[in-house]
Structure formats: structure tokens, C-alpha cells
Novice: 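Submitted below is the structure of interest, expressed as C-alpha cells.
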Amino acid sequence: MDLSYNAEYQAFRTEVRAFLDGHWSDGDRAAHGGSEVLIGRITRPEPRVTEFRMRAIEAGYLYRNIPRQWGGGEQPFDPLRSAIIREEFKRARAPREMVGQGPSMLVFTLLEHGTEEQKKRFIRSTLLGEVLWCQGYSEPGAGSDLASLRTRAELDGDQWVINGQKIWTSNAQEADWMFALVRSEPDAPKHDGISYLLIDMKTPGITVRPLRQMTGESDFNEVFFDNARVPRSAIVGDRGKGWIVSRSTLKYERALIGDTDINRRTLDGLVMLARAIDRRGRPAIEDPVLRGRLVEVETKLIAAELHSMRLLTMQSRGEEPGLPGMVPKLYTTQLSYEMARLAMDISGDGAALAPGEPEAPAMGMFVHAYLWSLGILIAGGTANIQRNIIAERGLGLPRDASQKR
Amino acid sequence: MDFGLSAEQKALAATVRRYLAERCPIARVRTIMDSESGHDAGLWQGLMDLGIGALPVAEADGGMGAEFLDLALVAEELGYACTPGPFLGSLVATIAIAGADDSDLRARWLPRLASGETIATFAVGESGGRWDAGEIAARVDGNTVTGAKSLVPYGSLADLHVVAAVGSDGPGLWLVARDSASVSTNELSGNDRTRRLSSVEYRGSEAVMLGGADALARLRDAALVLVAADAYGGARRCLEMAREYVLVREQFGQPVGAFQAVKHQLANLAVEIEPSLSLWWYAAHAFDRIRDQAPRHAALAKAFSCDLFDRASRDATELHGGIGFTWEFDLHLWFRRSIFDRAFFGDSHYHRARAASLAGW
Ligand SMILES: Cc1cc2nc3c(=O)[nH]c(=O)nc-3n(C[C@H](O)[C@H](O)[C@H](O)COP(=O)(O)OP(=O)(O)OC[C@H]3O[C@@H](n4cnc5c(N)ncnc54)[C@H](O)[C@@H]3O)c2cc1C
């Protein structure tokens, strides 16, 4: 165990700092250095941000696992260097990789299964945020059991004709394109009749209807397809092989290392809140019960942070993460909930007030986190689905109907 | 940057595990547990022959000068195997003696502790849940100590006692070689039969000073991390036992492990246990290398690990059905061990309160 970075890595850190000093000024920080949105709405980056990203890619700091040919930084696998870049970019409040389903899912699908034409057209522009994507998987009748989806795509000459409905589609309002799973072979067994299509959202016959979330905002939508026609070439991978194509992204997923930054910031906020709030003449932080709970959530946060370091170490040693690698999603979503819940309790009766209300503790920003903590528990595979995965793949317990094919 | 074990550390843990599996399987644990002393000289000697007693002793003093994490890894294995005996008390006392400035004293005791010839313990807690340096009533007058201690591990077996007391310069640690005239011990009936506890009274017992408040704090942090590691090892064992059982036990025509409620109960446990490992790893590392963080991280690891061990042993017992509730079935040995770990050297609430103060909250 050695928690310092050796000379080679220290030199690398110096190099990254010098790059940031040269390319991301105080003025940039002030104008564009807001905290990145990890949940909710994805927005189109401003030109200055894109310009910076291009330089950072050129220097090999961003999209390190994507070939230069397609617009990535193309660097040897080195999780420690990646961690240094993350830390330094965060410190300088400089833009890192785009977040969202396009850069984190679609790009890797294309790398593996896309045609040259598709790669050329979409990867670079997606990495830079010039093309925004939405993910059309869930349907009213197909959520956890995604493979039961029913949106149809029939080949008519040189075009796919799409009919059906997607739901809970985040960012469909501003997305330029959708990657979608559709049923192309209605008579095949459910996993074998699915194809993976790239759909231009401006295609006639597509209607987006925003849904209002319990947060009051509208980030996700319903998307209706009424004889929407896309070219035959819009398919990624083979016909009827869409399920396998959609699964392949898992290999590339770096979500393994759960990002614990947000939770660390939340904890700092919690302590400030507990100091500021008055409970019958004394700061809430003096309440022994609240102190104990603060330490409890902080312990879990530290465990999550250290766990990331352990996974990072396993990666750089080339060890298979196995069960430890399956932990972060469930652990961090649970932790987010516990933190937000504690914020509500620290707020006391002030928790009754809504976000934005000037009289609310911390302007009610924790209420927003409290509501969203439920969203992230459901999105991207519910907590129960995570438990199934951990029990079956992590602990080797018998498979459930949901995993049988 | 490397947050993982070295090949040597993995080998050490594997050696201890193999040794315990062979020499102290659960049937043997029960025999020792039912014995008068709760101690098996052969098993103890075997562990010492593996070099465990020498781990915390500096190379200059003839020991291995190992990292504290190495010792914590041994503690994990002992928890995993539910090993009975005076490990905790003796090794923590050895750390305190190894840290003393007095080189004659080190030369006198460390070789005997490392070889296993002498067994030591520490006497810190006093009745009324007093573990804090500021709460200690035992007094040192000149070169004698007087006071009553509670929850002393193997107090009547250990020849050498590291005693927390208050002298003219404040709280610190003193070494007492137990003699029958001035030291009386009383065996307490504990829930965990694998680790015995005594109350001890010192009446003007001759004492040599080991160190001041810092030494006492180091002893506390060492003890907390070793207990946390023990609890983690125990929790992991409980999860494993439950997993194995639900794969073979059939009801309603299928292994009970196929029921989703059972799967989720185990998944929830695994999700908590996996990351908790890092807490005591880090606390052990901080004990050596990041000393200013050591007290707080030891407290966090102790509270968290022990609460988790309690939950793991409960859930595992529940998942065994009726057989789990019997004396003959082994799980309750870990359940009892979890009660010890959680209560010993201050409960979880106490350590969380300490951690809050240490953070400046
Ligand atoms: C904020 C947000 C954003 C989203 N964004 C997108 C998006 O961009 N694109 C997209 O395609 N989808 C998106 N989704 C949809 C999300 O993927 C689904 O909501 C999720 O997979 C669950 O499906 P469902 O809503 O149909 O719930 P259901 O599958 O109907 O589940 C209902 C309940 O049953 C439980 N359950 C179901 N099956 C099992 C089982 N086998 N074992 C145990 N319990 C089970 C679930 O855990 C859940 O508690 C988003 C959802 C949210 C909340």
C-alpha cells in the first residue's frame, strides 16, 4: 500500500497543471466553470468549452480510450493517469468529458459494431457535444424487462418504418439523434428479434411529449413513432442482433469507478447546513443524534471513496474486479439518498419549504437532491435489478426469471 | 499510488488462514471455548511460531518491523476463523511496549513477547464505560499504580499488564508485571467465549512508565483497528456461510437461495461489506504513515465494521432457519463475537461522537 504518486506520476501531474494554466484561465473558470450536470438536463456546450476540449483531446487528456482516428485522445490504459487528470481538471474547474448517454454508451457501441461511415459521422461530433443523443430503450410495457419491447421497425425497400412508443426518454427535447432498440423480427424469441437503430429526431412522424417529473421539471419525455422512416443504413450491427449490440457497451463502461465527488460536496454542504440551522437556540450540529448520523453517512462516503481507490488499484494491476466492481451503483445511490434524507432532518420544519423559497434552509437545494435521489435509484436499472445482478453474478446464487433467456 | 495488498501481505494472510483451518477448525474452537482458561497454549505457540508476535517489534529490537496493516490482516483471519485466545490483548500490549523509549525495557520484554513465552494484555477501561484518557481514575504514585480496571482481555492469564493510569504528568501507560500480592483478577462471564475478560485490581503494584498520553492514544487506535479487522473477517465469514447454506438447503422444491428475498438480503449485505474493507485498511495504513488522521479513521472503522458484523451475523443466522438458532450450530459463535467487538473499547455511538469532535464539528 502506497498512497503517494511516484516521480513519474508527479511529473505527469505537473504537466497537466501546466496545460491547464495555459489553456483554462481564471476568466474561463468564472464564465464556464460551473459544476457539471450529472443528472437531469444535458445541454449543448458553448464554443469556448468545445475549443478547450479539442485541445485537451489533442494533448491526450480526454477520451483516452478512444482512437485518434475517431476523435479521441488514444492513450495507453493507465487508470492512475486518468485519476490525476480527473483531479486536476476538477481543481481547475475545467471541462472534462461530455456526460450523457451519447458519449458514454453510443460511442462505444459504434466503435465495436458501427460501420466506417457511422463512426466517421458520429463519434467525433458526439464526443465534442455537437451532436446530442437520447436513449430510446424503455417503453410503457418494457422497463426492467427491456427485451419485451414492442416498438416495431419494418423494412420497406430501403427504409425502416417505425411505429410505437418510447417513454422516460431523457433529453429527447434537445437531442438531435436517438439510439433505439426496436423489434424488427416479430416472430423471433424476444431477445433475438431486436435491432439497434440510429434515428434522426427531425424525422417526420416523430413526436416528443415532455413528461413532468416529481421534481416539477421536465427532463424526460414520451416519444411517439408514427410511420417514421429512416434509411436502411441506420442499423448498427446485424438485423435481429440489437440485444447483443446494446450489451457490448458494458465492456467499455468506466462507471465501475463511481464518481463520489457529488456526495463529497453534499457532505460539506450538510455540515455547513447543520452549523447554520438553529434548533431551539443552538446550532443543529450540537445535537448528538444528528452528529452521530453525520458521522455515519461520512463513514459510508469515505468507504465509497476508498473503494474507488481499491478498484483503481485492481484495474492498474490488471486484476478482475468481480463482486467489488458491482457494488458502486447500488452503494452510491443508497448513500445519496441517506445524505439527502439527513439534510431534510437537519432542516427540521424548514424542510417543508420548496426549492427556491428564500426562507427555506439553503434555499431548499437539498429538497431537490432528496427528490432526485429517487430518480437515480430507478434510472439505469432499478435497485432491485442491481441486487439481482449482485446476487447472481457476484455471489453465484441461482438465476431469476429476469436473467433467463 | 497503490491501495492494495502486497504479495507478501497476501501470503501472510493465506498462511495464517491455512494454519487456522488446519489447527483450529471450529470443533477445536469449541473445545477451547469450553475450557477453563479459554486459551490453548499449543495454538498460541503455533501462531507465535509463524512470527505473528514479532510483527510489531522493530527490526532493531530483533523483530520483523512489519507494517501495522500486516497485523490487522492477521486480526481479520482470526475473526474469520473465530479463533479463541489472547491475541488482541497481547499484540496491542506488544505494540505499546515496542513503542517505549526505554531500550532496556524493550530488550527485556520484546523477545519473550515475540517468541510467545510471555503473554501480555492491556488494562484501559474502567467500570461505567470509561475508556477516555480524561476519565481514567487509576492513579500512579511514584512507581506504583493503584486502581480498578474492567474488561481486561485475559487479565488472569497474562503475566504482563499495560495499564492506563494518571501520573503526575497526566494520563499515560505503565507496565506491571503481574504478581499475586498486589494484583487481583476476577474472571468475568462474557457473551463471547472465545475471548475472555477479567476485572483487575491493582493495589500499589510496581509499575514502569511506558509513555504518556500519546502512547495511550496509540494503544487505543491500534486496538480499535484490530477489532475492526476482526469484525470484518467475521462478517465476511457469516456472509460466506449463509451463501453456502442457501445454495444447498431446499424448500418448495428449490434451493432457498433462488428466492429473491433471500438473494436480496445477501446482496444488501455484500454491498455493505465489500467497501467496508477499505475503512480498516486505510485506518491501519494511517496508523503508520498518516498519523494525524489515525485517531479519527480508527474510530470510524471500529464503529462501522462492528455494526456490520452484528448485522451480518444476524442475517446469516436468520437465513439458516431453525438450525441457526441452536447451540450446536456454529453461527452463534460469530454472533457472540460480534457482541464483543461492538461493545469492547467503547460502543459505536461513543466512537461516532468522538469522530464528530475530531472533525471539529
Ligand atoms: C430519471 C429517469 C431517467 C430515465 N431515463 C431514461 C432514458 O433516457 N432512456 C430510457 O430508455 N429509459 C430511461 N429511464 C427508464 C428506466 O430505465 C426505467 O424506469 C427502469 O429500467 C425501470 O423500468 P420501469 O420504470 O418500467 O419499472 P418496472 O420494470 O415496471 O419496475 C417496477 C418495480 O418492479 C421492480 N422489478 C421489476 N423487475 C424485477 C425483478 N426481476 N426483480 C425484482 N424487482 C423487479 C423494479 O425494481 C421496480 O421497483 C429513466 C428513468 C428515470 C427514473
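Here is how names work: the chains are called A, B, and so on, in the same order as the sequence lines, proteins then strands, and each is numbered from 1.
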Novice: Examine distances only and state if a side-chain atom of A:Arg291 and a backbone atom of B:Trp361 form a donor-acceptor pair shorter than 3.5 Å.
Specialist: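 Looks like yes, one N/O pair under 3.5 Å.
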Novice: How long is the straight-line distance from CZ of B:Phe3 back to CG of A:Leu311, given to the nearest 0.5 Å?
Specialist: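 Atom-to-atom, A:Leu311:CG and B:Phe3:CZ are 10.5 Å apart.
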Novice: Given the options A:Glu286, A:Arg310, A:Lys300, A:Met309, which has more heavy-atom pairs under 4.5 Å with chain B than any of the others?
Specialist: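 That would be A:Arg310.
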Novice: Side chain, backbone, both or neither: which part of B:Leu266 has an atom under 4.5 Å from a heavy atom of chain A?
Specialist: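 Both parts, backbone and side chain.
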Novice: Please classify the contact of A:Ile285 with chain B as side chain, backbone, both or neither, using a heavy-atom distance under 4.5 Å.
Specialist: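 Only the side chain of A:Ile285 comes within 4.5 Å of chain B.
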Novice: Please indicate whether B:Arg17 has more than 12 foreign heavy atoms, meaning atoms of other residues, nucleotides or ligands, lying under 6.0 Å from its CZ.
Specialist: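 Atom CZ in B:Arg17 is packed in, count exceeds 12.
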Novice: If you count heavy-atom pairs under 4.5 Å with chain A, which of B:Arg289, B:Arg352, B:Gln254, B:Arg243 comes out on top?
Specialist: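 The residue among B:Arg289, B:Arg352, B:Gln254, B:Arg243 with the greatest pair count is B:Arg352.
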Novice: Taking the side chain as every heavy atom from C-beta outward, state whether B:Met1 and A:Asp2 have any pair of such atoms under 4.5 Å apart.
Specialist: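 A side-chain contact is absent here, since even the closest heavy-atom pair is not under 4.5 Å.
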Novice: Given that the side chain runs from C-beta out, which part of B:Ile273 has a heavy atom under 4.5 Å from chain A: side chain, backbone, both or neither?
Specialist: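 It is neither, since no heavy atom gets under 4.5 Å.
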Novice: Side chain, backbone, both or neither: which part of A:Leu80 has a heavy atom under 4.5 Å from chain B?
Specialist: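 Just the side chain, heavy atoms under 4.5 Å.
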Novice: Under a 4.5 Å heavy-atom cut-off, does chain B meet the side chain of A:Thr299, its backbone, both or neither?
Specialist: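 Contact with chain B is through both the backbone and side chain of A:Thr299.
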Novice: Is there a side-chain contact between A:Leu306 and B:Pro275 (heavy atoms, below 4.5 Å)?
Specialist: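 Of all side-chain heavy-atom pairs linking B:Pro275 with A:Leu306, none is under 4.5 Å.
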Novice: A:Leu3 versus B:Tyr282: any side-chain heavy-atom pair under 4.5 Å?
Specialist: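 SC-SC contact between A:Leu3 and B:Tyr282 confirmed.
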Novice: Could you give the distance from OH (A:Tyr331) to CG (B:Asn268), rounded to the nearest 0.5 Å?
Specialist: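 These two atoms lie 12.5 Å from each other.
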Novice: Answer with side chain, backbone, both or neither: which region of A:Tyr9 has an atom nearer than 4.5 Å to a non-hydrogen atom of chain B?
Specialist: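 No part of it gets close to chain B.
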Novice: Where the side chain of B:Lys263 meets the backbone of A:Pro398, is there a donor-acceptor pair that is under 3.5 Å apart?
Specialist: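 Yes; at least one donor-acceptor contact below 3.5 Å.
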Novice: Counting heavy-atom pairs closer than 4.5 Å to chain B, which one of A:Gly394, A:Ala274, A:Ala391, A:Pro288 comes out on top?
Specialist: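 The residue among A:Gly394, A:Ala274, A:Ala391, A:Pro288 with the greatest pair count is A:Ala391.
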Novice: Quick check on the interface: out of B:His351, B:Glu240, B:Glu272, B:Gln9, who has the most heavy-atom pairs with chain A under 4.5 Å?
Specialist: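 Among B:His351, B:Glu240, B:Glu272, B:Gln9, the one with the most close pairs to chain A is B:Glu272.
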Novice: Check whether B:Asp307 gets within reach of chain A through its side chain, its backbone, both or neither, counting any heavy atom under 4.5 Å.
Specialist: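 Interface part for B:Asp307: neither.
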Novice: Would you indicate whether B:Arg314, at its atom CZ, is surrounded by more than 12 heavy atoms from other residues, nucleotides or ligands within a distance under 6.0 Å?
Specialist: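 No - once you tally the heavy atoms of other residues, nucleotides and ligands closer than 6.0 Å, there are 12 at most.
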Novice: Non-hydrogen atoms of chain A under 4.5 Å away: do they reach the side chain of B:Ser357, the backbone, both or neither?
Specialist: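 Contact with chain A involves both backbone and side-chain atoms of B:Ser357.
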Novice: So, for A:Ile302 and B:Leu300, which heavy atoms are closest and what is the spacing to 0.1 Å?
Specialist: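 Where A:Ile302 meets B:Leu300 most closely, the heavy atoms are CD1-CD1, 3.6 Å.
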Novice: Are any of the side-chain heavy atoms of B:His264 and A:Ile390 separated by less than 4.5 Å?
Specialist: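 B:His264 does not reach A:Ile390 side chain to side chain.
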Novice: Only pairs of heavy atoms separated by less than 4.5 Å count here; which of A:Glu296, A:Glu305, A:Arg317 has the most with chain B?
Specialist: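 Top count of heavy-atom pairs under 4.5 Å with chain B: A:Arg317.
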Novice: Got more than 12 heavy atoms from elsewhere within 6.0 Å of CZ, A:Arg264?
Specialist: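 Correct, the count exceeds 12.
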Novice: Tell me whether A:Glu320 at atom CD has more than 12 heavy atoms from other residues, nucleotides or ligands lying less than 6.0 Å away.
Specialist: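 Count not over threshold, so no.
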Novice: For chain A, find which of B:Ala359, B:Ser348, B:Ala301, B:Ala356 contributes the most heavy-atom pairs closer than 4.5 angstrom.
Specialist: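 So the answer, after comparing B:Ala359, B:Ser348, B:Ala301, B:Ala356, is B:Ala356.
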Novice: So what's closer than 4.5 Å to chain B heavy atoms on A:Glu319: side chain, backbone, both or neither?
Specialist: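 Contact with chain B is through the side chain of A:Glu319 alone.
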Novice: Look at A:Met314, A:Glu298, A:Arg293 and state which one has the largest set of heavy-atom pairs under 4.5 Å with chain B.
Specialist: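 Ranked by contacts with chain B, first place is A:Glu298.
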Novice: Roughly how far, to the nearest 0.5 Å, is the NE2 atom of A:His307 from the CG atom of B:Leu279?
Specialist: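 If I round to the nearest 0.5 Å, the distance is 11.5 Å.
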Novice: Counting only non-hydrogen atoms closer than 4.5 Å, does B:Arg296 touch chain A with its backbone (N, CA, C, O), its side chain (CB onward), both, or neither?
Specialist: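 When you check distances to chain A, only side chain atoms of B:Arg296 fall under 4.5 Å.
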Novice: Tell me, out of B:Gly4, B:Gly257, B:Ala353, who's got the most heavy-atom pairs with chain A below 4.5 Å.
Specialist: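 Top option by heavy-atom pairs under 4.5 Å: B:Gly4.
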Novice: Identify which part of A:Arg275 has an atom lying under 4.5 Å from any heavy atom of chain B, answering side chain, backbone, both or neither.
Specialist: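 The side chain, not the backbone.
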Novice: In terms of heavy-atom pairs under 4.5 Å with chain A, which of B:His297, B:Glu274, B:Glu67, B:His285 leads?
Specialist: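 Max contact count across the listed options: B:Glu274.
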